[in-house]
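Report on the following structure.
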Amino acid sequence: MLLSMQWLRDFVPYEGEIQELGDRLTMLGLELEEIFNPFEAIKDIVVGHVVECGKHPEADKLSVCKVDVGDGELLDIVCGAPNVKQGINVPVAKVGVTMPGDFKIKKAKLRGVKSHGMICSERELELSEEHDGIMILPEGLTPGAKFTEEMNMEDTVMDLGITPNRADCLSMLGIAREAALAFDLPITMPKFNLVENGGNAADMLKIEIDSPDLCPLYQARILQGAKIAPSPDWMRYRLLSVGVRPISNIVDVTNYVLFELGQPLHSFDADLLKGGKIRVGLAPDGTKFTTLDEQERKLIDSDLLIWDAERPVALAGVMGGMNSEIHDDSTNVVLESAVFRPALIRKTARRLALPSEASYRFERGVDQQLNTFAMDRAAQLMSELSGAKIVSGVAKNEPTPWQDRTHDYRHKRCNSWLGLDLEPEFSKKAFSLMGLEVNDSDAECWKVSTPSYRLDLEREADLYEEVARYFGMDKIPSVLPRISKTFDASVIADTPYGFYRRIKNWGRGVGLHEAINYSFVGDDDLDLLGLPKEGRVNIANPLSEDQNVMRTELAPGLLNTVRHNLAQGNTHIRVFEIAKKFIKDETSDTETREQSRLGIMLNGPRSGAEWPNEHGDADYMDVKGLVEHLLADLKLGEANFSLAEDHSYLEPCVNITLGDKEIGFMGMVKADIADKYHAKKEVWMADLNADLLRDIVMAHKIKFETLPVFPPSRRDVTVIGPVSLHAETIKDAIIGLKLPLIESVELVNVFVPEGQEDERNLSFRITYRHGQKTLTDKAVDKEHKKVLAGLEKSLPVRF
Amino acid sequence: MSDVKSLLQELEGLVPECSARLDQASLSELEDIKIDLLGRKGRVAKIMSGLPSLPNEDKPVAGKKANEVKAALTALIEGKQSELEKAATAESLSRFDPTMPGRRPAEGSLHPVTLVMDEICDVFIGLGFEVVTGPEVENDWYNFEALNIPPEHPARDMQDTLYISDSILLRTHTSPLQIRTMKDRTPPLAAIAPGKVYRRDSDLTHTPMFHQIEGFLVDQNVSMADLRGTLTAFVHQLFGPKTDVRFRPSFFPFTEPSAEVDISCVMCGGKGTIDGKPCRVCKQTGWVEILGCGMMDPNVMKAVDYDTEKYSGFAFGLGIERVAMLKYGIGDLRMFFENDIRFLEQFS
């Protein structure tokens, strides 16, 4: 909300520093965002007096002027405007001045004549669209004086952030009330004398309202004999200072009063309204209506329209219609001043993406009791500016007159709510300064009436806030609360947050970088990975097509991370992410099933190039090692790894199961897919169900096992078998023999003999131990022989 | 009968011989010399095997001499040994290059959002709050209506929403966790809810996904002063005890009164300028906005059927990325989700 200091002072005699006013308003909840000069762009323009004006020797349309800009010497300026002549005052941009739009005035030669500056049109000064000629200033100005000073445009504007509850602060009057509160100053309302000229508006225009809940009040005044013309400078400059483009006297007045008092108004050309009737009613579905921006709008049955006897003439509270707007030849005006139901206006303005100063105020709520004052103020201004006569009386329909609102207020409770110990008199003073009326006949529970402009004061708690605002939110003392809670509240380590934190610290510990990707990707990303179309949770109003669906797997995000890093020249990529995947689920109250996953992705060298690091690119052993490390770290025992068939984007793909639970999968991203993410080297990844891991960890109890007392004996066996025979199969076969002395089996070496690539040698180390005695070599040898015999019998292997 | 004299001579002769042999000896030769002279079957032992055949009166002299010679030889050998060992150590040290790179495990990192989130959670856990989490896809009731934001309320403009359908959306704040937690439980309650939130907004200072922490306390006689005390303690722990805290009236539909909390600018120390130049972080105001808070609105309590006469509460929320930017001096919000390794590895 832009606030003109000049305009504000019409209401409240504040003469202090602007910054201080801004600071005080900030601490009342109206946050100062910026202070600026609204005419900064033309601050260097000066007043010039055209002393001589002659024809250009070489060009008919150009004039050569001698201009007095107060420098003693006259400036030679060549001017192309038809209305330049001797003896007038004009705005001049001297050489070196930067004009709006960032162009700098330089010495120039026009058809052989030197020109030292520019005489400006209104458009060049961004004051209007007027460019048929230069701007002619009033007589009696001082040559060389600052243009903005001489034209009474010196002003300062504050940009204040107004929260949605403070509809009352969307006007000069509203902010003046807060300034008055801050500095204990009086408010002066604009004074005017409404002159009515006979006739009876109520007879000329009937107002019908289809349903009282659409529109509590609709009234209008009628003006006759208006002459449409530009508004006077003072009004145009004030509108410009708050960022509004002046149009014509009638339209400018409606905008002026909107900014001054906060009441949006609309003016119709009375001659274009048919049948002497205004009706407020909803649009039948599919109604087509052309708003004054020349756009045809297709309406739905929640859009509120203003109708004449035959057709819609305005989109209520949002925008007027092409068919009834004020134009240059209009003479008779119907001035509408109404109150509409906020939710309706908001719905229409949002659906049609048509936010306006009017809809902004209507949807937040306008002051019904100020409505007549605002209408009369506007009528009188229009009359003064356009010469129109105001018809006596008002065409009015008010199905729901304003009812004063009264709320209970318990001072003691306010004190305990705020943590303060204020005297009752303090609250009374605050309320009185804010225009609230207190009835304290019950000392424990006052009745407080709130004015019609404070629509935000709806309940007792809202009154506490007013007391806190007046006291100073920043002066409330600090007290550390005693937090009482039961001991059965969950321990941090047991919460999902605690578990994910544990996993994240594991990831960092094993040398992975934590990534955070957006939860949404594009349908194309999921299609590229061949992921199913069903079950996707799509965003109805995405920012872009590449963010239009919630991810159903972590891979797309992690692949984006790989692509970004490769583009940046980072080749050593080891990342992990804990985040949710989203699947449609009609049984959920959010229609979505969310599952936390741990994703790991590796690409490029497994370690830095520096000696003595092991060289080579990350491969299956790296990603599997990480998964095994995690499971060991969580004390979850050994998982099963089995080749999965036909995974949509991994090949090979390995399923990971723990007992009968599928905890995830891992593998290599198919080369053609990786290529789409610009990864030339193998991309290995794992994707684990973090929620399930948490469940398993929570159910798992650590149980101490007594340390063995007797020493182990170890025997190695090298098994020669076909490469298709999985290491795990051999190991399982050994364990499957269920020999009581075998404590553990581990693969210790792999060797593929040269020239025999269809075979490989796998060396296993078997640890034998007896719980009650030291094993003799003989006993171990006997057991080991059983292993060899067993393997030979069950598998195609030799030794 | 052996001659004591020749025996003594023989013993004495071992010392200069040993000395001569040790002169050029290496560590392994030294071991041979030691065995040759002092071993169980060594020279000294051999000479002394003649002892029993000496006359009894000569035996003590010979025994004494033998011990002297043994001690002398041992001293010689040990002396040489320690000399050689020293030399060997010096030799191997001269080959040791302490500047060679180590065999170091890969170092990982935690995302700055995680670091800040954990730090903030730890502060509140220390103050007695528990941590709760919940769904990121929400329904309208939890995200808006129960939080006193009815349909077509202008406050909905404060949070541009990404919708899945008319009634399902991506949560725009972590505040639904207030409702979800309160609905399941009864006061007293003190909890924080960290997590991802989503807004339909993307420019230099907004990303469509970011992180928030919501906190709330519901009990009997909770006041605005308690809120102020809690948040002041929090700010002091996170940004240091000298940080100034300012409460400024504001508006949130789910709190009444509502306030925004500013802290003295971490860049310029609240002065508004750095070496005479305007501070860009606080835009010369000396303050940076860090969180929003207020007393829990009675309508929020009513939505979960709490007795508004019996209980009161406060709630607050803050954006994690904003804190991380202030804390680490990160200038560009978008870096948080690009996951550039060179960015990530700076945090741990």
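Just so it is clear: chains get the letters A, B, ... in the order the sequence lines come, proteins before strands, and each one is counted from 1.
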Answer key: most heavy-atom pairs under 4.5 Å with chain A among B:Glu309, B:Glu138, B:Glu260 is B:Glu309
Student check: side-chain heavy atoms of B:His206 and B:Asp203 closer than 4.5 Å: yes
Against chain B, label A:Ile539 side chain, backbone, both or neither, depending on which of its atoms sit under 4.5 Å from a heavy atom there. both
Which portion of B:Ile341 sits near chain A, non-hydrogen atoms under 4.5 angstrom: both
salt_bridge(B:Glu214, B:Arg180) N-O dist < 4.0 Å: no
Output the option from B:Arg246, B:Met117, B:Arg103 having the highest count of non-hydrogen pairs under 4.5 Å with chain A. B:Arg246
Output yes when B:Lys196 and B:Glu136 qualify as a salt bridge under the 4.0 Å nitrogen-oxygen rule, no when they do not. no
Identify every side-chain donor-acceptor pair in residues 224-233 of chain B under 3.5 Å, counting partners at least two apart or on other chains, and give the distances.
{"from": "B:Asp226", "atom 1": "OD2", "to": "B:Ser223", "atom 2": "N", "distance (Å)": "2.9"}
{"from": "B:Arg228", "atom 1": "NE", "to": "A:Ile476", "atom 2": "O", "distance (Å)": "3.1"}
{"from": "B:Arg228", "atom 1": "NH1", "to": "A:Met473", "atom 2": "O", "distance (Å)": "3.3"}
{"from": "B:Arg228", "atom 1": "NH1", "to": "A:Asp474", "atom 2": "O", "distance (Å)": "2.9"}
{"from": "B:Arg228", "atom 1": "NH1", "to": "A:Asp474", "atom 2": "OD1", "distance (Å)": "3.2"}
{"from": "B:Arg228", "atom 1": "NH2", "to": "A:Asp474", "atom 2": "O", "distance (Å)": "3.3"}
{"from": "B:Arg228", "atom 1": "NH2", "to": "A:Asp474", "atom 2": "OD1", "distance (Å)": "3.3"}
{"from": "B:Thr230", "atom 1": "OG1", "to": "B:Asp226", "atom 2": "O", "distance (Å)": "2.8"}
{"from": "B:Thr232", "atom 1": "OG1", "to": "A:Ser478", "atom 2": "OG", "distance (Å)": "3.4"}
{"from": "B:Thr232", "atom 1": "OG1", "to": "B:Arg228", "atom 2": "O", "distance (Å)": "2.6"}

Are A:Asp691 and A:Arg694 close enough for a salt bridge, meaning some N to O gap below 4.0 Å? no
Taking the six-membered ring where the residue is Trp, are the ring centres of B:Phe234 and B:Phe129 under 6.0 Å apart? no
I'd like to verify something: which residue of B:Phe343, B:Phe337, B:Phe314 has the highest number of heavy-atom pairs under 4.5 Å with chain A? B:Phe337
Tell me, side chain or backbone of A:Val467 under 4.5 Å from chain B's heavy atoms, or both, or neither? neither
Just verifying a value: how many Å separate A:Arg508 CZ and A:Glu514 CD, rounded to the nearest 0.5 Å? 10.0 Å
Chain A heavy atoms under 4.5 Å from B:Pro101: which part of the residue, side chain, backbone, both or neither? both
From B:Tyr311 atom OH to B:Gln220 atom CD, the distance as rounded to the nearest 0.5 Å: 5.5 Å
Would you mind checking which part of A:Ile578 comes under 4.5 Å of any heavy atom in chain B, side chain (CB onward), backbone (N, CA, C, O), both or neither? backbone
Residue selection (most heavy-atom pairs with chain B, distance under 4.5 Å) from A:Lys504, A:Arg606, A:Glu460: A:Lys504
Please classify the contact between A:Glu594 and chain B as side chain, backbone, both or neither, with a heavy-atom cut-off of under 4.5 Å. side chain
Is it the side chain or the backbone of B:Phe336 that comes within 4.5 Å of chain A heavy atoms, both, or neither? backbone
Measuring from B:Phe216:CZ to B:Thr255:OG1, what's the distance to the nearest 0.5 Å? 14.0 Å
Counting heavy-atom pairs under 4.5 Å with chain B, the top scorer among A:Tyr500, A:Phe582, A:Phe520 is A:Phe520
Against chain A, work out which of B:Pro298, B:Ala191, B:Ser312 has the most heavy-atom pairs shorter than 4.5 Å and name it. B:Pro298
Looking at A:Arg413 and A:Asp408, is there a salt bridge between them, counting it only when a charged N and a carboxylate O are closer than 4.0 Å? no
What part of B:Leu170 lies closer than 4.5 angstrom to a heavy atom of chain A: side chain, backbone, both or neither? side chain
Proximity breakdown for A:His564 and chain B, heavy-atom pairs closer than 4.5 Å: side chain
What residue in A:Asn570, A:Asn505, A:Asn538 has the most heavy-atom pairs under 4.5 Å with chain B? A:Asn570
Quick one: what part of B:Asp118 sits under 4.5 Å from any heavy atom of chain A, side chain, backbone, both or neither? both
Which atoms of B:Ser250 come close to chain A, meaning under 4.5 Å heavy atom to heavy atom: side chain ones, backbone ones, both, or neither? both
Counting only heavy atoms closer than 4.5 Å, note whether B:Val261 contacts chain A via side chain, backbone, both or neither. neither
Counting heavy-atom pairs under 4.5 Å to chain B, which of A:Ala461, A:Gly507, A:Pro612 comes out on top? A:Pro612
One should read off an interatomic distance between A:Asn565 CG and A:Arg574 CZ, to the nearest 0.5 angstrom, of 13.5 Å
Is there a donor-acceptor pair under 3.5 Å between the side chain of B:Arg200 and the backbone N or O of A:Asn541? yes
Separation between CG of A:Asp585 and CZ of A:Arg593, rounded to the nearest 0.5 Å: 6.0 Å
Against chain A, label B:Pro151 side chain, backbone, both or neither, depending on which of its atoms sit under 4.5 Å from a heavy atom there. neither
Measure distances from B:Tyr142 to the heavy atoms of chain A and classify the residue's part below 4.5 Å as side chain, backbone, both or neither. side chain
So which of A:Thr561, A:Val537, A:Ile483, A:Leu418 has the largest heavy-atom pair count under 4.5 angstrom toward chain B? A:Leu418
Where on B:Thr207 is there a heavy atom nearer than 4.5 Å to chain A: the side chain, the backbone, both, or neither? both
Determine the option with the most heavy-atom pairs under 4.5 angstrom with chain A, choosing from B:Asp166, B:Val137, B:Asn139, B:Thr133. B:Val137
At their closest point, which heavy atom of A:Ala540 faces which heavy atom of B:Ile164, and how far apart are they? CB-O, 3.7 Å
Only pairs of heavy atoms separated by less than 4.5 Å count here; which of A:Glu466, A:Arg350, A:Arg482 has the most with chain B? A:Arg350
So, the part of A:Arg341 with a heavy atom under 4.5 Å from chain B: the answer is neither
Give, as side chain, backbone, both or neither, the part of A:Glu610 having an atom under 4.5 angstrom from any heavy atom of chain B. side chain
Could you tell me whether the side chains of A:Arg563 and A:Asn560 share a donor-acceptor contact shorter than 3.5 Å? yes
Non-hydrogen atoms of chain A under 4.5 Å away: do they reach the side chain of B:His211, the backbone, both or neither? side chain
What part of A:Pro342 lies closer than 4.5 angstrom to a heavy atom of chain B: side chain, backbone, both or neither? neither
When you measure from the side chain of B:Ser258 to the backbone of B:Phe252, do you find a donor-acceptor pair of N or O atoms at a distance under 3.5 Å? yes
By a 4.5 Å heavy-atom criterion (distance strictly below it), what part of B:Glu289 contacts chain A: side chain, backbone, both, or neither? side chain
Could you look at B:Ile168 and say if it's the side chain, the backbone, both or neither that has a heavy atom under 4.5 Å from chain A? side chain
Donor-acceptor pair, A:Asp462 side chain versus A:Arg459 backbone, under 3.5 Å? yes
Any residue of residues 22-29 of chain A which, by heavy atoms, sits under 4.5 Å from chain B: A:Thr26, A:Met27, A:Leu28, A:Gly29
Check ion pair B:Lys283-A:Glu34 (N to O, under 4.0 angstrom): no
Classify the side-chain pair A:Asn613/A:Ser607 by whether it contains a donor and acceptor separated by less than 3.5 Å. no
So does B:Thr172 get a backbone contact from the side chain of B:Asn143, meaning a donor-acceptor N/O pair under 3.5 Å? yes
Heavy-atom distance under 4.5 Å to chain A: side chain of B:Val222, backbone, both or neither? backbone
Is the Lys NZ or Arg CZ of A:Arg364 less than 6.0 Å from the centre of A:Tyr360's six-membered ring, within 45° of the axis? yes
